[in-house]
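Down below is the structure, laid out as structure tokens.
In this chain, numbering begins with 1 at the start of the sequence shown.
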Amino acid sequence: MALQLYYVATINEGIQMLPADLAHHLANVLRMRAGDSLLLTNGMGQHAKAIIQEISKKQTAVIIGSIENATPANFEINLAIAFTKNATRM
């Protein structure tokens with residue numbers, strides 16, 4: 001199974017506590033257990049593979065081994081807008 005990516009505000013090596021809403025989602029919705037793996041991102045190009053060390057309904061502790069910096073994708077966005085025939089719809 002592919003690892004899912006989850007957002008956390010900061011990523012630090014070692015043991016890190018996850019936010020309460022993410023801990024609830026992992027424990028109650030996905031029913032993850034200690035020893036399961038997941039990917040974390042901070043939304044600024046850093047990704048880390050984490051292993052759940054301890055999980056409860058309101059708290060989850062993960063062990064983060066290494067942090068990788070992703071290279072930004074080099075792409076352009078072209079946006080096209082179609083005008084309406086009726087000027088009153090604008």
By side chain to side chain donor-acceptor pair (under 3.5 Å), D36 pairs with (sequence neighbours left out) none
So which pairs with a foot in residues 52-66 pass side chain to side chain donor-acceptor pair (under 3.5 Å), sequence neighbours left out? none
Carefully, step by step, assess Y6 and L18 under the rule side chain to side chain contact (heavy atoms under 4.5 Å, CB included). CA-CA 10 Å; Y6 299 97; L18 297 181; over 6 Å; no
ILVMFWY cluster, L40 and L30 together (side-chain gap under 4.5 Å): yes
Quick check against the 3.5 Å criterion: does T41 have a side-chain atom that pairs as donor or acceptor with the backbone of Q46? yes
What one should report as the nearest heavy-atom pair of M32 and I55 is O-CD1, 3.5 Å
Reported CZ-to-CG distance for the pair R31 and L26, which is rounded to 0.5 angstrom: 13.0 Å
To the nearest 0.5 Å, how far apart are NE2 in H24 and CG in D21? 9.0 Å
Distance-only criterion, 3.5 Å: show the donor-acceptor pairs between side-chain atoms of residues 10-17 and protein atoms not counting sequence neighbours.
residue : atom : partner : partner atom : Å
Q16     : OE1  : N12     : N            : 3.1
Q16     : NE2  : T10     : O            : 2.6

Which heavy atom of I64 sits nearest a heavy atom of A48, and at what distance? CG2-CB, 3.6 Å
